[in-house]
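Below is one structure, written out as structure tokens, with a few remarks after it.
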Amino acid sequence: MNEIIAYKDHNDEYYDHEIIDGVPIKSKSEDALNIMRHDMAHILAEAVTTLFPNAKPTIGPFIKNGFYYDFDMENTLSDEDLSKIEAQMKKILSEGRDFKKRSVSKEDALEIFKDNQYKVELINNLDNSAEINLYDQKNFTDLCKGPHHSSTTEYDANFKITSVSGAYWRGISTNKMLQRIYATAFYSERELNKYLKNLEEAKERNHRRLGTDMGLFLLTDLSAGNVFWKEKGLTLYQNIEKYIRSEQQKLNYLEVKTPELVSNELWIKSGHWDNFKENMFTSETDNKTFALKPMNCPCHIVLFNSQLITYKDLPLRYSEFGKCHRYEPSGALNGLFRVRGFTQDDAHIFCTGDQIYDVCNETALLIERVYKRFGFEKIKYNISTKPEKSIGTKENWDNAENQLKKVLSDNNKEFNILEGEGAFYGPKIEFTLEDSLGREWQCGTIQIDFNLPERLGAKYKDTNDKNQTPIMIHRAVVGSLERFIAIILENTNGWVPLFITPIQLAILPVSEKFIEYCNELNQQLKEAGIRTVVDGSDNKLGYKIRNSVSKKIPYSLVVGEKEIESKNFNLRSRKGENTSFAAIEEFKEFFQNN
RNA sequence: GCCGCCGUAGCUCAGUGGUAGAGCACACCCUUGGUAAGGGUGGGGUCGGAAGUUCAAUUCUUCUCGGCGGCACCA
């Protein structure tokens, strides 16, 4: 079967009829899958309205991996309700449904949906000249522009309701909250199961669980959204910091540390007080108002302004692992992904307009290098351009945008342009990495700023001894260290790269007799900079191995009579593979090089 | 902040209108062991917090704090 079921335009917008320059959508294609998912949304709506006649369907689009439908209804849906709905959907599918398109006048449409204020609102928002389409199926009619398959009998639909949650009507927080039913759907049961398994896997890899099991950090209600780092977690954190620092030093960054608590005088000047006062932690002391810094940039400009800077000093790169605090709404907090106290691997580079290319180029390469080192190979790039409301001249914007584009294209990177998505103060590149479960995380950013240096009075002397305002480039590589640690943990299921892992090697004495030898060995290895631990417990070897593997220690070293006699040591990987070393010195090298 | 669900031992979780239980972990004892769990004994919980209903609340109700899934937000 390869028939045409719909068309799409070049913005991937779907149409139920042929359009100029349209691309046909063949059955069973990726696009057809989306259409099938939208079909399923209608099936879901029929099931819900059958079981709950008072439920008012609102909108129900397809989304990545599935679809949802929002309903306004009296009773809140329980898990049992969801099972019932799922069963009802299966029943409907076994009967099969045809989707029949019908065009009606606005008056007729308003009459048909008169009991559903949401559909009425949608109809009233339609262009008066627009054709109003309905899709009829047995027991259900929806206002819908389509397209749909002509019948559910054209494919197998394997679906599962995954969750129910609240969602504002039209996504506006002052509107009524509706109940959104999420579901996933695929053609084959195999694909469905694969997807569900992936969801399970993601749950298993949850960084909160890993953090607890591995003894990395503590999250407690004593300070919601702030992390208590335990010694192992801090080791991880410091190793990440150390590596990024070493890379930055190669690029002549000047690492600084600015106060966490700063007078609101600075935030008023920078404009943050006006815009984000409600989201800042403040303190009244000595009749003055202070705020915990929500970002580092104004502080770096304070440092910049404290000295006489000339064109010879540019580009000037201030970096800081800056601890910032933002009052995030309670519902936004999410493990280490979204916290109130976080550390940015921040830097601000002051430069001239001519230096934008070089600075952004070195930064883009830095970001890529760092991601690779942490095991992320797939990176996506977006460039956000001038929004409607912005400051700075058109010329400056064009220059900056072109330089950003040139950086990426010169490095043979494909990128998307997000028109008008830039900040009001300048364009940016965003770096998004993809993890081993296919999830995407936006981490790095390079942002050009035409505003803040001017606003805070930053100046440098040019070759004519005239004062000029520098351009400032904000950049972050991993973004928030806290969040990045969560990403790394979930990406690797706790098997973080060897050079940052808190404990690299567990030394396992075969019996009590060898503990002393192991302790000496441990001391030697520690002095060589290897992070080791001795398991001197009264357990059998198999148990010790199991234990060190479950604590995510990547290597173990079994030490007994055999090893001590022969001086031949086997480094055991977590998978049980052994690498033989003729002397301890040899694997010092192994750890230092990995 | 909003909607829904949840909060019981260090961890994962069971359970009940009559003040609690398992597995793992931990301690001690036996075992001195060779590559993913040897055996025994034992300690440990104001059942998130406050108030209410009740003869009696961990269990029911309300409030509150926190967590999770979304929505909204994210300089």
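These numbers come from a predicted model, not from an experiment. Every chain is numbered from 1, with letters handed out A, B, ... down the list of sequences.
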Open item on the list: Using the C1' atom as the point on both nucleotides, what is the distance between B:U8 and B:G66, in whole Å?
Closed with: 15 Å

Open item on the list: Please report the distance separating the C1' of B:C68 from the corresponding atom of B:G48, rounded so that it comes out in whole Å.
Closed with: 15 Å

- [ ] State, with a plain yes or no, whether a side-chain heavy atom of A:S573 is found less than 4.5 Å away from one of A:T579.
- [x] no

Open item on the list: Using the C1' atom as the point on both nucleotides, what is the distance between B:A36 and B:C24, in whole Å?
Closed with: 15 Å

Open item on the list: Taking the nucleotide of RNA chain B with the nearest heavy atom to each, does A:D213 or A:N578 sit closer to the 5' end?
Closed with: A:D213

- [ ] Applying side chain to side chain contact (heavy atoms under 4.5 Å, CB included) between A:R205 and each of A:H207, A:K203, A:E201, report the one that passes.
- [x] A:E201

Task: Electrostatic pair A:E121-A:K119, nearest N-O below 4.0 angstrom - done: no

- [ ] Kindly state each residue pair satisfying salt bridge (Lys or Arg N to Asp or Glu O under 4.0 Å) with at least one member in residues 554-576 of chain A, sequence neighbours excluded.
- [x] none

Open item on the list: Between B:G17 and B:U59, how far apart are the two P atoms, rounded to whole Å?
Closed with: 11 Å

- [ ] Please list all pairs passing the salt bridge (Lys or Arg N to Asp or Glu O under 4.0 Å) test where one or both residues lie in residues 437-449 of chain A, with sequence neighbours left out.
- [x] A:K380-A:E440, A:D435-A:R439, A:R439-A:E490

Open item on the list: Need to verify one output field. Residue with the more 5' nearest nucleotide on RNA chain B, A:R338 or A:P329?
Closed with: A:P329

Task: Polar side chain donor-acceptor pair, A:D142 to A:Y69, under 3.5 angstrom - done: yes

TODO: For A:S165, report the nucleic acid contact type (base, sugar-phosphate, nothing); a contact means any heavy atom under 4.0 Å.
DONE: base

Task: All ring-ring contact (aromatic ring centres under 6.0 Å, His included) counterparts of A:F569, not counting sequence neighbours - done: none

Open item on the list: If I pick the C1' atom on B:U64 and the same atom on B:A25, what distance separates them, to the nearest angstrom?
Closed with: 33 Å

- [ ] Among residues two or more places apart or on two chains, list those pairs meeting salt bridge (Lys or Arg N to Asp or Glu O under 4.0 Å) that have a residue in residues 209-229 of chain A.
- [x] none

Task: Atom P, compared across B:G44 and B:G21: separation rounded to whole Å - done: 13 Å

- [ ] Using a 4.0 Å heavy-atom cut-off across all strands, classify A:K544 as base, sugar-phosphate, or nothing.
- [x] nothing

Open item on the list: Looking at A:E328 and A:R338, is there a salt bridge between them, counting it only when a charged N and a carboxylate O are closer than 4.0 Å?
Closed with: yes

Open item on the list: Under 4.0 Å, heavy atoms only, any strand: does A:G576 hit a base, just the sugar-phosphate, or nothing?
Closed with: nothing

- [ ] Rounded to whole angstrom, note down the P distance from B:U58 over to B:A75.
- [x] 46 Å

Task: Intra- and interstrand pairs of RNA chain B - dot-bracket, Watson-Crick/G-U under 3.5 Å, | marks other strand - done: (((((((..((((....[..)))).(((((.......))))).....(((((..]....))))))))))))....

TODO: Could you check whether A:M177 gets within reach of a base, just the sugar-phosphate, or nothing at all, counting any heavy atom under 4.0 Å?
DONE: base

Task: Span of RNA chain B, from the first to the last nucleotide whose atoms fall under 4.0 Å of chain A heavy atoms - done: B:G1 to B:A75

- [ ] Assign A:R170 to base, sugar-phosphate, or nothing according to its heavy-atom contacts below 4.0 angstrom with the strands shown.
- [x] nothing

TODO: Sticking with atom C1', work out how far B:G43 lies from B:G10, rounded to a whole angstrom.
DONE: 13 Å

